[in-house]
Structures are given as C-alpha cells and as structure tokens.
Amino acid sequence: MDPVRTLTLDNPGSRNALSTAVLRGMLDDLATAAADPACRVIVLSHTGPVFCSGVDLKETAEAKPGDKLPAELLADVLAVLWEFPKPVVARIAGPARAGGLGLIGAADIAVCSADATFAFTEVRLGVIPAVISSTVLPRLAPRAAAELYLTGDVFDGTRAAEIGLVTAAVPADRLDDAVAGYCASLLRGGPLALAGTKQLLRRTRNESIRAELADLAHRSAGYFKSEEGREGVTAAREKRDPYWI
C-alpha cells in the first residue's frame with residue numbers, strides 16, 4: 001500500500017466549499033489514516049480549478065437557530081489536522097479563500113502553484129477570520145497578517161510564500177514534482193520521530209489548540225449569525241454589494 005495517502009476535496013461544482021458533509025468526511029478520513037500504520041504521510045489536495053472557496057455559504061445562510069455552522073465544524077477539522085501525528089502536505093493548484101486558508105495553515109508543509117491566489121475575504125462578508133486564525137497566524141508575518149486580514153485583498157502564490165502562508169510557490173507544471181519531493185523526504189524520517197518532532201513544533205502555544213478553537217468558533221458563529229454577517233453572506237450569494245458599500 002502507498003505510504004502517502006491523498007485526501008481530496010472533491011466537489012468542484014461548489015468550488016470545494018466546506019459543507020458539513022465535506023468536513024465530516026474529512027474527519028472520518030483523517031481518523032482512518034491516523035489508525036493505519038501503513039499510512040505515513042497525508043497529502044491534502046483537490047479536484048477542479050479551485051483549492052477551496054471557504055465554508056459553504058449556502059448552508060450557513062440556511063442554518064436555523066441552534067444549528068452547528070460549517071465554520072464551527074471547521075474548528076474540529078483544524079484541530080485534528082494540527083494535532084495529526086503524521087506529516088500533512090497541502091497541494092494548492094488554484095484559488096483558496098477564507099476557511100480554505102485555515103486548512104493550508106494547519107498543514108506542516110504547503111506547496112502552491114505560483115499563480116494560485118489567496119484572500120481572507122471574511123471582513124467583506126461582515127464576519128471575522130476567527131477559526132482559521134488558530135492555524136494561520138502562527139505562519140504569517142504580523143504586518144502581512146494585519147494588511148491581508150483587514151483589506152481582504154487578493155494575493156498570489158509568490159507572496160504567500162514570502163509571508164509564510166505556504167512553504168513554497170512553484171510553476172504550475174512543477175507542482176506535483178515538488179509535492180512528491182517533499183513526501184519522499186518525509187518518508188525518510190522515522191514515524192515516531194516525525195510525530196515527536198511535530199509535538200516540538202507545536203509546543204509554544206500558551207493553551208491547547210482545542211481550547212483556543214472552541215473560543216474562536218464561538219466568536220465566528222456570533223458574527224455569522226449577526227445582522228451584518230447575514231447580510232454579507234446573502235450579498236455574496238446574490239452577487240451584489242452588501243449594504244455597507
């Protein structure tokens with residue numbers, strides 16, 4: 001069996017939006033991979049031209065009071081990815097937005113095509129990039145984080161590498177070779193040593209990622225359920241400007 005297991009975001013019709021079903025499927029797949037000793041490395045990839053458009057706005061807009069929002073379930077997925085005992089490599093061959101950047105931040109190594117684009121679009125929806133901050137902010141240069149969080153502006157793969165969001169940005173035709181190269185290097189490490197090294201890399205947190213993500217998920221849900229957040233999500237779905245523009 002191949003020691004490299006690929007987990008694929010495979011709903012290109014929705015631009016690989018993170019719905020409850022997708023997120024629960026990811027949790028199941030990650031649990032299976034964690035328990036399988038033959039699996040040594042996880043590659044997080046995608047079908048279609050978009051890596052991930054963020055949480056599913058249609059499902060978010062239709063949520064009833066008391067429903068768990070996709071953004072809240074995303075917190076569970078990010079916690080599992082961050083604590084995952086095996087190396088995780090993200091392969092990004094297209095645009096990533098909002099919640100999709102949280103997945104990238106949670107990966108140990110992230111490789112993108114230089115022409116991939118990224119944006120923290122939350123403020124333009126009237127919400128905040130709360131949940132993803134747990135995995136993204138440890139990666140980003142502080143000045144870049146402030147600029148890109150507050151403006152929501154789009155930036156390319158080259159800048160993503162410069163500010164630490166991704167490990168490397170390569171020409172599109174070299175992306176798969178670059179990912180394969182990292183996987184080959186990771187397979188040369190002892191499984192227990194890799195797991196222990198990942199713990200070393202995570203040990204600087206002042207609180208557990210699960211406690212932090214529980215707080216951030218609560219904050220995120222509050223903004224998504226606010227008048228401004230509902231207007232922003234609705235406006236995005238209707239392809240119009242929200243009332244504050």
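The model shown is predicted, which means the values in this text are computed figures rather than measured ones.
Between Gly94 and Ile92, the shortest heavy-atom contact is O-CG2, 3.3 Å. Residues Ala217 and Ala75 come closest through the heavy atom pair CB-CB, 4.0 Å. Scanning all heavy atoms of the two residues, the minimum distance from Ala96 to Ile104 falls at CB-CD1, 3.8 Å. Nearest heavy atoms, Leu165 versus Ala110: O-CB, 4.4 Å. Counting all heavy atoms, side chain and backbone alike, Pro138 lies closest to Ser133 at CD-O, 3.6 Å. Nearest heavy atoms, Gly99 versus Ile132: CA-CG2, 3.7 Å.
Counting non-hydrogen atoms of other residues, nucleotides and ligands closer than 6.0 Å to CD of Glu227 gives a total of 12 or fewer. Shown here is Arg174, whose CZ atom has no more than 12 heavy atoms of other residues, nucleotides or ligands within 6.0 Å. For CZ of Arg240, the number of neighbouring non-hydrogen atoms (other residues, nucleotides, ligands) closer than 6.0 Å is greater than 12. Counted within 6.0 Å of CG on Leu192, heavy atoms from surrounding residues, nucleotides or ligands total 12 or fewer; the atom is thus considered open.
Note on Leu74: it clusters hydrophobically with Leu137, by side-chain heavy-atom contacts below 4.5 Å among ILVMFWY residues. Under the 4.5 Å side-chain heavy-atom criterion for grouping Ile, Leu, Val, Met, Phe, Trp and Tyr, Leu44 is connected to Val136 within one hydrophobic cluster. By the rule that hydrophobic residues join a cluster once side-chain heavy atoms approach within less than 4.5 Å of another member, Val127 and Leu103 end up as members of one cluster. Hydrophobic clustering places Phe84 together with Val22 (ILVMFWY residues linked when any side-chain heavy atoms are closer than 4.5 Å, directly or through intermediates). Linking Ile, Leu, Val, Met, Phe, Trp and Tyr residues whenever their side-chain heavy atoms come within less than 4.5 Å leaves Phe155 and Val123 in two separate clusters.
A 4.5 Å side-chain heavy-atom check between Trp82 and Val88 finds every atom pair outside the cut-off. In this structure, the side chains of Leu194 and Pro87 come closer than 4.5 Å at one or more pairs of heavy atoms. Residues Leu9 and Val50 are not in side-chain contact: their nearest non-hydrogen atoms beyond the backbone lie 4.5 Å or more apart. Residues Ile128 and Tyr149 fail the side-chain proximity criterion, which asks for heavy atoms closer than 4.5 Å. At least one side-chain heavy atom of Ile163 sits less than 4.5 Å from a side-chain heavy atom of Leu148.
Residues Asp29 and Arg5 are not paired through a salt bridge, judged by the lack of any N-O separation under 4.0 Å between the basic side chain and the carboxylate. Look at Arg202 and Asp108 and you find a salt bridge, because one of the NZ, NE, NH1 or NH2 atoms lies within 4.0 Å of a carboxylate O, short of that distance. Under a 4.0 Å N-O distance rule, the pair Asp28/Arg24 does not qualify as a salt bridge.
Under the side chain to side chain contact (heavy atoms under 4.5 Å, CB included) rule, Leu78 has a single partner from Ile209, Leu73, Val131, which is Val131.
When atom types are taken as modelled, the side chain of Asn16 and the backbone of Thr47 share a donor-acceptor pair closer than 3.5 angstrom. Of the possible donor and acceptor atoms, one in the side chain of Lys86 sits under 3.5 Å from a partner among the backbone N and O of Ala33. For the pair Glu231 (side chain) and Tyr243 (backbone), a donor-acceptor distance under 3.5 Å is present.
Contacts of Asp153 classified as salt bridge (charged side-chain N to carboxylate O under 4.0 Å, His left out), with partners at least two apart in sequence or in another chain: Arg124. Taking Arg210 as the reference, Glu83 meet the salt bridge (charged side-chain N to carboxylate O under 4.0 Å, His left out) condition, with sequence neighbours excluded.
Put simply, CZ on Arg139 and CG on Leu101 are 12.5 Å apart, with the number rounded to the nearest 0.5 Å. Rounding to the nearest 0.5 angstrom, the gap separating the OG1 atom in Thr6 from the CZ atom in Arg91 is 9.0 Å. Leu69 contributes atom CG, which lies 7.5 Å from atom OG of Ser220 (distance to the nearest 0.5 angstrom). With rounding to the nearest 0.5 Å, the separation of SG in Cys183 from CZ in Arg40 is 11.0 Å. Distance CZ/Arg230 to OH/Tyr223: 15.5 Å, rounded to 0.5 Å. Considering CG of Asp76 and CG of Leu81, their distance stands at 11.0 Å, rounded to 0.5 Å.
Other members of the cluster containing Val43 are Val4, Val41, Val89, Ile109, Val111, Val170, Leu175, Val179, Tyr182, Leu186, Leu187, with ILVMFWY side chains joined at under 4.5 Å, either directly or via other members.
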Give every donor-acceptor pair under 3.5 Å between a side-chain atom in residues 114-121 and any protein atom, sequence neighbours left out.
unit_1	atom_1	unit_2	atom_2	d
Asp115	OD1	Ser113	OG	2.9
Thr117	OG1	Arg97	NH1	3.2
Thr117	OG1	Arg97	NH2	3.1

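Looking only at atom types and distance, the side chain of Ser19 has no donor-acceptor partner in the side chain of Glu59 under 3.5 Å away. For Asn11 and Ser14, the side-chain atoms include at least one donor-acceptor pair closer than 3.5 Å.
The list of side-chain hydrogen bond (donor to acceptor under 3.5 Å, both in side chains) pairs with a residue in residues 160-171, not counting sequence neighbours, is empty. Evaluation of the ring pair (Phe, Tyr, Trp, His ring centres under 6.0 Å) test over residues 51-70, restricted to residues two or more places apart or in two chains, returns His46-Phe51.
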(message) One pair to check against salt bridge (Lys or Arg N to Asp or Glu O under 4.0 Å): Glu72 and Arg219. What are the steps and the verdict?
(response) CA-CA 10 Å; Glu72 296 175 276; Arg219 296 189 193 200; over 6 Å; no
(message) Show, in sequence, the C-alpha distance, side-chain angles and deciding distance for Glu147 and Arg143, and conclude whether the salt bridge (Lys or Arg N to Asp or Glu O under 4.0 Å) test is met.
(response) CA-CA 6 Å; Glu147 173 202 347; Arg143 284 292 186 188; over 6 Å; no
(message) Checking Leu18 against Val77 for the side-chain contact (heavy atoms from CB on, under 4.5 Å) test, could you report, in this order, the C-alpha distance in whole Å, the side-chain angles of both residues, the deciding distance, and whether it holds?
(response) CA-CA 11 Å; Leu18 299 172; Val77 172; over 6 Å; no
